[in-house]
Amino acid sequence: MLQTAALRREYGSTVAVKDIDIEIETGEFASIVGPSGCGKTTLLRMLAGHLEPTSGGIVLDGEDITATRPQDRPTSLVFQTWALFPHMTVRENIEFPIETAGRNLDRSVEELLELVRLDPEEHADKSASELSGGQKQRVALARSLAYDPDILLLDEPLASLDYALQKQLQRELADLNRELDMTFIYVTHSLEAALVMSDTLFVLDEGQVAQTGAPEDIYQSPKSTFIADFMGDANVFAVDAEPTGDGAFTVTSDEFEGEVTVEDDHDGREPTDLVVRYDDCVVRPTLETPVGVAVDVDNILVRGNTVLIECSADTEDDYVAEVPFDWFQTVDIEIGDRAYFQWEAEKSIPVPE
Amino acid sequence: MSANTPRLSAPRLRAGAWYGYVLLVALFLMTPLFTLVIASFYDGRFLSIVDYAFTLHWYEVAFASTSIQSAFLNTAKIAVPVTLLSTVIGTGGAVAYTRHEFPFREQFKLLALLPIFFPLLLLGLGMSLWANVTNLGYGILPSVIGELVWISPIVMFVVSITALGVDPDIEEAARDLGADTVTLYKDVVLPLIADGIVSGAIFAFVLAWNNYYIVSYLSGAQSTITTWIHAKMTQGFTPTVPAVSSLIFYSSVLLVVVVALFEYNKSEGDEHS
């Protein structure tokens, strides 16, 4: 298990990472996500040993590794730029950690290349500089695995690849994590990647962990407006909440008609916003659910099997509904129509500030 | 007429005129260089084109002269150590500046490069006074030290250009994969900046080989090729001067050929790997 205790890093007067405590189980696929500048890369570089913490500690399986140098640390970092040695062949790149560190996975270069789905006969003796982006990414991965780390750290290694390749490599990374029973810590600003691969998600905001948990839990019950926004696909309504007296709130808003009763999910903190996911909303010519808002239909985008309906209310707020294509064909909605944006009350997610 | 037949079109003429112009400018600028070579083979005291006669006599005189031999030997005794030492010092400075974060890093660069921007004539004068004050004296060793002051920063500059182009992540990756400092430099950093080091060393040699100002102040009784030529020009011209000057020119041409071959082999190697 990897733990950090009040891990902190300051750059001059800026605090990049503010006393972070996290725990990651061995073999877990953990993702650290957050907007640019949230401190996720700083955190990862401290875990790798390339950056010294200002204060706090890192403990791996009970052993304090805070002061361990990167070359002695059982972690391996896959860089965003992949950082292959351009003057070496693929084979020499992969043999580098085996020769320098003597931490041998007992796998040959050929086996490692097969593990990352590259044909050894075709690629092993190519120069690293003549590979394509996707191939470089795979070689960088094989090289890190050759080091046989306890923890594989990945710093947005897919960011510069095309979308289809990203999707494929995301699946392959998740498979590798299961196959090798190795802890993976993945840093990204792409929420989609994190959702697909991770067992656990750490959402960082301004150097602190804003929420931790399984991706689907964070998606379904965000703890703050920031998280809800960050998780994406969210319509956000500012609301007024009244406690009902039995651990629930009655929620009303200037921004929609009707009222919603929600459970207290946040230890008594009263909701200030209501979040409704795009795919929980629909648009109909009339209001057929208890809550909804009158809108103008601005745009209709067909996205394969779903349709995005973009609307604007009289308050100038914009809302989006994502509906199944088949359902869309049964309603009479066109661009420019006056209609009702609506959702089932129980789909409302209350969020405190 | 087939469509592929080349024709003298307007753009082609313009290109021809342009190349011709460039060639003429180059010829004009290079003429002094070749005049020296032509003069070195001229059978007479002062070069004349009207009654040109060819001879190898001045080269024979130059090779036979013990003072010229010792000037060449002294120049080599200065240039070779300067090349080796300035390459080591300059590479060290370049690696420190480009690959590491440390306090006063920018100030370090400015201070290190300062001698390049100082007039050589004054640099030599200052060194001469300093050599006297410190009792270092004059000769080969003071010349080596003096040239190092000026040439090491130039090597640092040349190597830095290559070193700055190396992705810093590569160094961290090597550390990350278990490399100790020796392995990091031997297998990763130095091979990646090797081109810059070779360029820096060649630069250093050419500058040391041709240096006049610093050795003129510091070499004392030891004459080098440049101080020998200067002495002859001021104290009495002999036709061996063009011959000796041409010999320096040939050695520079030889070096250029070596560099060209090195570059050619490297690009060949890259294509086959």
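Nothing here was measured: the structure is a model prediction, and the numbers come from that model. So that the names make sense, note that chain A is the first sequence line, chain B the second, and so on, each numbered from 1.
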Salt bridge (charged side-chain N to carboxylate O under 4.0 Å, His left out) between B/Arg175 and B/Glu172, worked out: CA-CA 5 Å; B/Arg175 284 282 189 206; B/Glu172 282 196 354; over 6 Å; no

With a 4.5 angstrom heavy-atom cut-off, is it the side chain or the backbone of B/Ala174 that approaches chain A, or both, or neither? both

Choice from B/Asp180, B/Thr183, B/Asp176 maximising heavy atom contacts with chain A below 4.5 Å: B/Asp176

Does some side-chain heavy atom of B/Met127 sit less than 4.5 Å from a side-chain heavy atom of B/Ile145? no

Which bit of A/Leu153 is near chain B, if near means a heavy-atom gap under 4.5 Å: side chain, backbone, both or neither? neither

Identify which part of B/Asp167 has an atom lying under 4.5 Å from any heavy atom of chain A, answering side chain, backbone, both or neither. side chain

Kindly indicate whether the side chain of B/Thr226, heavy atoms from C-beta on, has any atom under 4.5 Å from the side chain of B/Asn211. no

Drop me the distance from A/Leu154's CG to A/Leu173's CG, to the nearest 0.5 angstrom. 6.0 Å

Output the residues of residues 132-144 of chain A for which the shortest heavy-atom distance to chain B is under 4.5 Å, in residue-number order; output 'none' if no such residue exists. A/Arg143, A/Ser144

Salt bridge present between A/Glu110 and A/Arg91 (N-O < 4.0 angstrom): yes

Indicate yes or no: at least one non-hydrogen side-chain atom of A/Thr183 is less than 4.5 angstrom from one of A/Asp150. no

Should B/Phe72 and B/Leu247 count as side-chain neighbours, where that means a heavy-atom distance under 4.5 Å? yes

Decide yes or no for B/Val189 and B/Glu171: does some side-chain heavy atom of the first lie under 4.5 Å from some side-chain heavy atom of the second? yes

